[in-house]
K.L.:
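Supplied in structure tokens, the structure appears directly below.
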Amino acid sequence: MTETVDALAGLVAGGGVVVLSGAGLSTESGIPDYRGPSGAARRHTPMTYQVFTRDTFARRRYWARSHLGWRMIARATPNEGHRAVARLQRGGLVDGIITQNVDGLHSAAGSVSVVELHGRLDEVVCLDCGNHTSREEVDRRLREANPGFDARVAAVNPDGDVDLADEEVAGFRTVDCALCRGGMLKPDVVFFGETVPAARVARCFELVAGARLLLVLGSSLTVMSGRRFVLRAAKSGIPVVIVNQGPTRGDGYAALTVDAPLGRLLPALADRAMPGAGGGPGVVGAGGLTGVGR
């Protein structure tokens, strides 16, 4: 592992790094990945935007499941991987962070100007009037509306949804927007079938275009939402490095792939790559990484 860290550090130490993170970065915070070693296989179909907005029962089922799952997400704290990324940013090596996660843990670890591609679970938006409310406030209102609701949670998913039987949500009561009195509330995250705001995508492409290196952390790159940035980097001749447990759909575009626990590798990488560390900037150039760790 030492040689791998040295190879990574040699490139990262040159700065100009843009991080693209996925659910695998948060597994050591207790939030499971869909597809990694700790993956929580769904026993129900993910909620789509179309079903959420059109089906009253499906919407109630989602809020019941998400109400319980949110409690677990809210208790999660940044792990050593999140903190290492924040250290690299403070040290001037990471220019930008794009995350596919909705848990807010990059910001909680001290990272700034994080582009949260799929939004954040700790914010709620009214689909009628556009008002934003904190999830804590909506959670309080849901608890007041459902004083006896205490279903057992079998598993929580990265988006804060949980596995819950339909009979357990039959009596669950949802709440509406408190500002416009009746507007439909939705967690401010991008659902399946929903489009990521164009300005947000444009900002991500802008970060990638200005990067010297795209560093993918904990993403299988299965969906195009994140993989498109790897494709853009590769097309532009920007080196791509992928650190993930298990193969990804971007491996063929990477100069370096590393299969390792992020909570162990990233702190070692930060120690080695930061200014004043033994390796120093530019120990290994992009060309020297090709094929290493693959």
Side-chain angles (χ1 to χ4, degrees), residues 1-29 33 36-38 77-101 105-114 207-208 211-221 226 229-230 233 238-248 250-251 253-294:
M1 183 168 174
T2 300
E3 291 182 0
T4 300
V5 172
D6 286 345
L8 277 169
L11 188 55
V12 170
V17 178
V18 169
V19 167
L20 171 63
S21 69
L25 185 60
S26 294
T27 56
E28 292 175 61
S29 293
D33 191 350
S38 65
T77 58
N79 62 53
E80 292 301 320
H82 295 110
R83 286 190 279 270
V85 172
R87 284 175 56 201
L88 290 168
Q89 187 181 39
R90 288 195 300 271
L93 302 183
V94 168
D95 289 346
I97 299 169
I98 304 166
T99 185
Q100 301 170 86
N101 299 338
L105 293 180
H106 273 298
S107 297
S111 291
V112 297
S113 301
V114 180
L207 284 172
V208 172
R212 194 182 59 82
L213 168 72
L214 180 62
L215 178 60
V216 180
L217 301 176
S219 176
S220 65
L221 301 172
F229 304 120
V230 170
I238 299 166
V240 176
V241 172
I242 300 175
V243 184
N244 187 63
Q245 289 194 269
T248 82
D251 288 354
Y253 302 96
L256 169 64
T257 62
V258 180
D259 190 324
L262 291 161
R264 289 181 52 204
L265 184 139
L266 291 178
L269 170 62
D271 289 342
R272 184 68 171 149
M274 291 289 284
V283 174
V284 181
L289 288 176
T290 304
V292 178
R294 296 175 64 181

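Quick note: residue numbers are just sequence positions, from 1.
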K.L.:
Where do Val18 and Ala211 come nearest, in terms of heavy atoms and distance?
P.N.:
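Closest approach of Val18 to Ala211: CG2-CB, 3.5 Å.
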
K.L.:
Nearest 0.5 angstrom please: Leu88 CG to Leu269 CG, how far?
P.N.:
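Spacing of CG (Leu88) from CG (Leu269) equals 5.5 Å.
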
K.L.:
What's the separation between atom CD1 in Ile98 and atom CG in Leu215, rounded to the nearest 0.5 Å?
P.N.:
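Between atom CD1 of Ile98 and atom CG of Leu215 there are 11.5 Å.
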
K.L.:
Find out whether Leu221 and Ile242 are in side-chain contact, i.e. whether some heavy atom of one side chain is under 4.5 Å from a heavy atom of the other.
P.N.:
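Yes - at least one pair of side-chain heavy atoms lies under 4.5 Å apart.
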
K.L.:
At their closest point, which heavy atom of Ser29 faces which heavy atom of Pro78, and how far apart are they?
P.N.:
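Residues Ser29 and Pro78, closest heavy atoms: OG-C, 3.8 Å.
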
K.L.:
Measure the OG1-NE2 distance between Thr99 and His82 for me, rounded to the nearest 0.5 Å.
P.N.:
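If I round to the nearest 0.5 Å, the distance is 7.0 Å.
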
K.L.:
What distance do Ser21 atom OG and Ile97 atom CD1 have between them, rounded to the nearest 0.5 Å?
P.N.:
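Between Ser21 OG and Ile97 CD1, I get 7.5 Å after rounding to 0.5 Å.
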
K.L.:
Looking at Thr257, Leu214, Leu213, which one forms a side-chain contact (heavy atoms from CB on, under 4.5 Å) with Val241?
P.N.:
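Going through the options one by one, the only one that passes is Leu213.
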
K.L.:
Where is the tightest heavy-atom contact between Val243 and Ala260, given as atom of each residue plus distance?
P.N.:
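Heavy atoms of Val243 and Ala260 come nearest at CG1-O, 4.3 Å.
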
K.L.:
Considering only residues two or more places apart or on different chains, which pairs with a residue in residues 86-98 satisfy salt bridge (Lys or Arg N to Asp or Glu O under 4.0 Å)?
P.N.:
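Non-adjacent pairs meeting salt bridge (Lys or Arg N to Asp or Glu O under 4.0 Å): Arg87-Asp271.
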
K.L.:
Please list, chain by chain and in numerical order, all residues satisfying side chain to side chain donor-acceptor pair (under 3.5 Å) with Glu80, sequence neighbours excluded.
P.N.:
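Here the qualifying residues are Arg83.
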
K.L.:
Work out which heavy atom in Ser111 is nearest to a heavy atom in Val114; give both atom names and the distance.
P.N.:
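Minimum heavy-atom contact is CB-CG2, 3.8 Å.
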
K.L.:
Only one of Leu8, Asp6, Val12 passes side-chain contact (heavy atoms from CB on, under 4.5 Å) with Arg272; say which it is.
P.N.:
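Between Arg272 and the candidates, side-chain contact (heavy atoms from CB on, under 4.5 Å) is satisfied uniquely by Asp6.
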
K.L.:
Ignoring hydrogens, what is the shortest heavy-atom contact between Asn79 and Leu25? Give both atom names and the distance.
P.N.:
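Looking at all heavy atoms of both residues, the closest pair is ND2-O, 2.9 Å.
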
K.L.:
OG1 of Thr4 to CG of Leu256: how many Å apart, nearest 0.5 Å?
P.N.:
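Answer rounded to 0.5 Å: 7.5 Å.
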
K.L.:
Working to the nearest 0.5 angstrom, can you tell me the gap between Ser26 OG and Gln100 CD?
P.N.:
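Between atom OG of Ser26 and atom CD of Gln100 there are 11.0 Å.
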
K.L.:
How close do Leu262 and Pro267 get, counting heavy atoms only, and between which atoms?
P.N.:
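Reported closest heavy-atom pair: O-CD, 3.7 Å.
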
K.L.:
Under the criterion side-chain contact (heavy atoms from CB on, under 4.5 Å), which of Leu217, Val216, Val240 is the partner of Leu20?
P.N.:
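It is Val216; the other options fail the test.
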
